[in-house]
Number of protein chains: 2
Amino acid sequence: MSDILTKQDNSHTIAELIRSQLNKFSPAEIKIVNHLLANYPMSGMVSITELSENCGVSTPTVMRTLKKIGYSSFTTFQKELKEELQQTLSDPITKHDKWAADAPESHVLNRVADTVTTNLRHSLNQVSYEQFDAIIDLLAEQDKALHIVGGRITSAFARYMNTHLEVIRENVYIFPEAVALWPHHLLKIKPNDVLIVFDVRRYEQDLITISRLANARGAKIILFTDQWLSPIASEAIHTLPIRIEGKSGWDSGVVTLFFAEAIVVALEEKLWTQTSERMRELEDMFDLTERFKKRIE
Amino acid sequence: MSDILTKQDNSHTIAELIRSQLNKFSPAEIKIVNHLLANYPMSGMVSITELSENCGVSTPTVMRTLKKIGYSSFTTFQKELKEELQQTLSDPITKHDKWAADAPESHVLNRVADTVTTNLRHSLNQVSYEQFDAIIDLLAEQDKALHIVGGRITSAFARYMNTHLEVIRENVYIFPEAVALWPHHLLKIKPNDVLIVFDVRRYEQDLITISRLANARGAKIILFTDQWLSPIASEAIHTLPIRIEGKSGWDSGVVTLFFAEAIVVALEEKLWTQTSERMRELEDMFDLTERFKKRIE
DNA sequence: TTTTTTATGTAATGTACATTACAAACTTAT
DNA sequence: ATAAGTTTGTAATGTACATTACATAAAAAA
């Protein structure tokens, strides 16, 4: 992976700033800068009172030292320290700065890209590995049927997921397109079956109803929703709160698909022995029907 | 309520403590926990005043939320957050592991995230603004009908795009699901109509055929394909070569959806006057059918 | 509807804090 | 040794903050 992204502020850390002036300090001041550097950067993330106590000096001495270093006040010093920490902690996905750098933010492509990566970053923070793994474990139980349903917009994701999961495991069913047929499909749901529901705003009454009924029949519900949580969340045993917010009003579905795909990939890996067999059979059938071109690779 | 009880429950991080209670919160409280988790952990390293402003709620609401989570005061909450941060920073091996964003590549979620962002970056490099804008211009001509078709897997994207474009402009048609009906639908295509085709490997014979026939009827084809290019590329006037490669064999659809969405957003902006009108009408119809819950925000 | 409960914000209060003013102690130069 | 400069601490002050008490608004129940 190309690492065109370079840390531009390496020479501008507060630690560097202090080290470059190490000779100008008086005894009490040396106590302070030593402590700051030794426990960098958390040593500075306390009140000036506490900091002075930790260094064994008085608060005014801390103030004078910081002014000597180049800050007008303790407050501004701490603010900069926080920013530096923030930047250090910001995650790898922010690497999109790379393309944002040589491309004007203004173009739609870049704005959408920016939104999507932000949504992705935030969504990843909302979902714990434990929860995700628990979902995969649940989906791996093939004696229980898996049903999938989505709403006006999200039915596309339901379909995408269904197409893939169908290959990976047995007993996968998608709800029919016509809402009128949903109650009928509901009859197929048995206790402990799993139901994957996609419901992002605006939350749909039909989905809520179907979820309640499925729940009453003993189904376990996995919910894909947005950060504001569909009402179905109270029926679900696993809820994925996905950030879908677009800056200028529109809601993005990309990250929702991302999680659907992540589940597909994870399940495929978990059930690989079986999946590979099913895939081979599928390939054979494709060959027979001659619907597809031969693999290029 | 004692503070000693706070972190007993196996949750190693405050983030997990919050996530384990995600269903207990009221609207304003959800705002807070979302913000805390989204910008974790630095979101908590500010004054309670600033935090409340960042969340758009009042300071007492922040206090109450933190008490609900299990802290006796904002101060103790922040103290624990600092300790957690301290510990994470001082342990170079598990460094950042606890935060999804910076987590080890090993977990599926992170591997998929990495793949997707790489694909996105590469794809953006392949598509010029000029070409993208040309596509938008073409789609903005509403006197010409717009037809959409996808394959076994990509039909989900065709559907997603259709659902959105239908709202934005007139004269949008998606091909029926059953391939047997495609020739029939072909009759609706008039000279200079636009046809959006999704075709990624393995390239499908039916799509190739339909594209040739549509081309013969004078349709202009916009093609969503992968980096190896579907044979349809020779029939298309605009080709979007999208990187779909997954590291361990699987093909990702996320970036394909990204481009579909980017087109939707761009077209919506271009046709906004008209789109907003159509959306308003759609809202009215939703209200009448009572299929959807009222908007929250 | 009316009442009760829940949710949220406004305003007041006391505390911890950053900052400043000033004085004491220490150092250096003559 | 003593005056000038330097370093450091004590105490005072004003501000920002966390916290609490109360009021109002919204939702749920009767």
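Order of the sequence lines fixes the chain letters, A, B, ..., with proteins taken first and strands second; residue numbering starts at 1 for each chain.
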Q) Under 4.0 angstrom, heavy atoms only, what part of the nucleic acid is K31(A) near: base, sugar-phosphate, or nothing? A)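 If one applies the 4.0 Å heavy-atom cut-off, K31(A) turns out to touch nothing in the nucleic acid.
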
Q) Is any side-chain heavy atom of V200(A) less than 4.5 Å from a side-chain heavy atom of F224(A)? A)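 No, every pair of side-chain atoms sits at 4.5 Å or beyond.
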
(Q) Any non-hydrogen side-chain atom of D199(A) less than 4.5 Å from a side-chain atom of T154(A)? (A)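 No, side chains not in contact.
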
Q: With a 4.0 angstrom cut-off to heavy atoms of chain B, pull out the first and last contacting nucleotide of DNA chain D, in 5'-to-3' order.
A: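 In short, chain B contacts DNA chain D from dC17(D) to dT20(D).
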
Q | Ionic contact status for K220(A) with E141(A), cut-off 4.0 Å | A |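 Salt bridge flag = no for K220(A) with E141(A).
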
Q. Nearest nucleotide by nearest heavy atom, which residue falls closer to the 5' end of DNA chain C, R64(A) or V46(A)?
A. V46(A)

Q: Starting from the first five and the last five pairs of the helix from dT1(C)-dA30(D) to dT30(C)-dA1(D), work out the angle between the resulting helix axes, to 10 degrees.
A: 10°

Q. For the residue pair F258(A) and V254(B), what are the closest heavy atoms and their distance?
A. CA-CG2, 3.7 Å

Q: Specify the closest pair of heavy atoms between M63(B) and S73(B), including all atoms of both residues, with the distance to one decimal.
A: CE-CA, 4.0 Å

Q) Listed in order of residue number, which residues of residues 47-58 of chain A have a non-hydrogen atom at under 4.0 Å from DNA chain C? A) S47(A), I48(A), T49(A)

Q: State, without any angle test, whether E29(A) and S26(A) hold a side-chain donor-acceptor pair at a distance under 3.5 Å.
A: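 There is such a pair between these side chains.
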
Q | E261(B) versus S252(A), side-chain donor and acceptor atoms under 3.5 Å | A |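 Short answer, yes.
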
Q: Check whether more than 12 heavy atoms from other residues, nucleotides or ligands sit under 6.0 Å from atom CZ of R212(A), and answer yes or no.
A: no

(Q) Quick check: on DNA chain D, is the nucleotide nearest T59(A) upstream (toward 5') of the one nearest K68(A), or the reverse? Name the residue that is more 5'. (A) K68(A)

Q: Check the pair L223(A), E235(A) against side chain to side chain contact (heavy atoms under 4.5 Å, CB included), reporting the backbone distance first and the verdict last.
A: CA-CA 9 Å; L223(A) 173 67; E235(A) 319 276 337; over 6 Å; no

Q: In whole angstrom, give the distance that lies between atom NZ of K67(B) and atom P of dA7(C).
A: 16 Å

Q. Testing D133(A), N192(A), V194(A), L146(A) for side chain to side chain contact (heavy atoms under 4.5 Å, CB included) with L138(A), which one passes?
A.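 Running side chain to side chain contact (heavy atoms under 4.5 Å, CB included) over D133(A), N192(A), V194(A), L146(A) with L138(A) returns exactly one hit, V194(A).
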
